[in-house]
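What follows is a set of notes on a single structure, which appears directly below.
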Amino acid sequence: MGAVAAAAGSAVGLGNVWRFPYVVGEDGGAVFLLLYVIFTALISIPIMMTEFAIGRKTGLPVTSAFSKLAPGSKWGLIGVLGMLTAFLIISYYNIVSGWTLYYSVASVSGWLDSLSEPEVTDFFSSLSSDPFRCIIWMVIMLTATAVVVAQGVSGGIEKYSKILMPLLFILILVMVVRAMLLPGGLDGLAFFVKPDFSKLTTRTVFDALGQSFFSLSIGMGTMTTYGSYLRKTENISSTAIHVASIDFLVAFLSGAVIFPCVFAFGINPGEGPGLVFVTLPNIFNQMPFGRIFSSCFFLLLVVAALTSSVSLLEVVVAYFKQSFKMGRRRATILASVSCLFFGLCCSLSQAVFNIFDNVTANIMMPIGALLIVIFAVTRIKREDMRAELEKHGKPFRLFNLYYFLVRYVVPVVIGIIFINGIVAWLSK
Ligand code: PHE
């Protein structure tokens, strides 16, 4: 349970509740969902297992795991790429965490109570277009992340989140029921689960792969680092499947709340990164004890965002500690101040925010994932990989399938989607 909880703490975050619904909405609904499920099962889970195995085999975080297995080679650059990816993600992730924190305060204070639908939309636009407020709330979240990382108390946070995350889950379940009962709610559900293949584009495929990587925190070394904490007795394949299932469930249920509301309240599903924030207050306003629900929901989401943000900053701090030979505290301060600088750029410009969001999930993470699997099949012997995946003492029956996926399917699929996606993106 410990290992699953820790890795799930990194995986479940704003990626599930904020990013997933908005990308689904932009990319045509259920077709995206279908691709997302396929990619998660066939591409992302094998990658997560590979990252866990490399981390556990070396006992080292991503910044040194690859150079240990291939000393003197350039493979250590996977660690540098992972660090840069983490760096860019933190810079915009904490802006959204800041919005979430602001919404918790607004819910507790009753500012969202009985707002009409257009007023809910205005409430968000006035926040997102006000750099001053965005920066203040981002700084609060970034500081909270830095404090946790500097003190090395991530374990403590995970203990709390083991209780709080199931609570978030239950809350979302209640919201699903309420959302389905809204007039028009079922049309929203249909948009989310009934594929319309005419909406399938290169972009949908590209985004679905990126979202799967982002949501599972793979392709940049977070899971390699978590792998180094895994005990020998832990079953890597079932840990990866558990983490991916929990992560998927949270994302799926978030979609099952958002889309019925989007249709019931006449919101544009392609609204973009504000989608969750312009949708949810409307449903809380229609629920008994809505203010309490809303306050709990946004606060729990802040905790989920914090555990993910901590896992991101850990990657950067580990790199700074090692490369510049500095202590944990100094490394944390330096890392967070640098992230703050990039965070400011994202707060001041929507375009920069969007670029960071797209480039990290759709470009940097697939490249990282591709390098990790190529490394695994060329630099680690097949039998050594099998030994690592079976270290807990039981045979891994699907090993041949796993190896086939990692050796052929994963690199080819990522390669094709990546090249097509970039071409489509550049020619847009
Ligand atoms: N997976 C996290 C989320 O869904 C974000 C994240 C990405 C965390 C990469 C760590 C590494 O919110």
Side-chain angles (χ1 to χ4, degrees), residues 5-24 36 40 44-45 47-48 51-52 55 61-63 78-79 81-100 141-142 145 148-149 154 157-158 161 165 168-169 172 208-227 240 243-255 273 276 300-319 335 339 356-369 372:
S10 165
V12 175
L14 295 171
N16 308 61
V17 180
W18 159 75
R19 198 175 192 279
F20 176 77
Y22 106 67
V23 188
V24 173
Y36 180 80
T40 300
S44 301
I45 292 179
I47 296 173
M48 190 187 282
E51 286 204 35
F52 280 159
V62 62
T63 37
I78 295 182
L81 176 67
M83 186 280 293
L84 286 175
T85 312
F87 195 87
L88 295 183
I89 298 179
I90 306 173
S91 307
Y92 78 88
Y93 198 85
N94 277 290
I95 295 180
V96 187
S97 305
W99 292 343
T100 314
M141 285 307 294
L142 193 56
T145 309
V148 173
V149 173
S154 330
I157 288 279
E158 270 148 23
S161 75
M165 289 309 101
L168 175 63
F169 187 77
I172 297 181
L209 187 72
Q211 173 60 23
S212 180
F213 290 171
F214 183 88
S215 191
L216 290 172
S217 317
I218 56 173
M220 47 158 294
T222 314
M223 291 303 175
T224 311
T225 308
Y226 275 99
V243 172
S245 312
I246 295 171
D247 190 75
F248 173 73
L249 212 57
V250 177
F252 182 80
L253 292 176
S254 304
V276 174
L300 291 170
L301 191 54
V302 166
V303 177
L306 189 64
T307 55
S308 300
S309 175
V310 163
S311 76
L312 285 159
L313 191 59
E314 287 278 6
V315 174
V316 185
V317 168
Y319 183 82
C339 290
F356 275 35
D357 187 16
N358 273 305
V359 167
T360 48
N362 291 348
I363 299 182
M364 296 174 84
M365 295 175 102
I367 294 181
I372 291 171

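Indexing begins at 1, ligand by ligand and atom by atom, following the structure's order.
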**Message:** Using only atom types and a distance under 3.5 Å, with no angle test, would you say the side chain of Y36 pairs donor to acceptor with the backbone of F248?
**Reply:** no
**Asked** Taking the side chain from N16 and the backbone from G13, do they hold a donor-acceptor pair closer than 3.5 Å?
**Response** yes
Just the distances, no angles: every ligand 1 N or O to protein N or O pair closer than 3.5 Å, one line each.
{"from": "ligand 1", "atom 1": "1 (N)", "to": "S10", "atom 2": "O", "distance (Å)": "3.4"}
{"from": "ligand 1", "atom 1": "1 (N)", "to": "A11", "atom 2": "O", "distance (Å)": "3.0"}
{"from": "ligand 1", "atom 1": "1 (N)", "to": "F214", "atom 2": "O", "distance (Å)": "2.8"}
{"from": "ligand 1", "atom 1": "1 (N)", "to": "S215", "atom 2": "O", "distance (Å)": "3.0"}
{"from": "ligand 1", "atom 1": "1 (N)", "to": "S217", "atom 2": "OG", "distance (Å)": "3.0"}
{"from": "ligand 1", "atom 1": "4 (O)", "to": "A11", "atom 2": "O", "distance (Å)": "2.8"}
{"from": "ligand 1", "atom 1": "4 (O)", "to": "G15", "atom 2": "N", "distance (Å)": "3.3"}
{"from": "ligand 1", "atom 1": "4 (O)", "to": "N16", "atom 2": "OD1", "distance (Å)": "3.3"}
{"from": "ligand 1", "atom 1": "12 (O)", "to": "L14", "atom 2": "N", "distance (Å)": "3.2"}
{"from": "ligand 1", "atom 1": "12 (O)", "to": "G15", "atom 2": "N", "distance (Å)": "2.8"}
{"from": "ligand 1", "atom 1": "12 (O)", "to": "Y93", "atom 2": "OH", "distance (Å)": "2.5"}

**Contacts of D247 that satisfy salt bridge (Lys or Arg N to Asp or Glu O under 4.0 Å) - sequence neighbours left out** = none
**Message:** Could you go through S44 and S212, starting from their C-alpha distance and side-chain angles, then the distance that decides it, and tell me whether this counts as side chain to side chain donor-acceptor pair (under 3.5 Å)?
**Reply:** CA-CA 7 Å; S44 301; S212 180; 2.7 Å; yes
**Request:** Return each pair, listed once, that meets salt bridge (charged side-chain N to carboxylate O under 4.0 Å, His left out) where at least one residue sits in residues 84-100; pairs must be two or more places apart or across chains.
**Result:** none
**Message:** Among residues at least two apart in sequence or on other chains, which ones pass side-chain hydrogen bond (donor to acceptor under 3.5 Å, both in side chains) with S10?
**Reply:** S217, S311
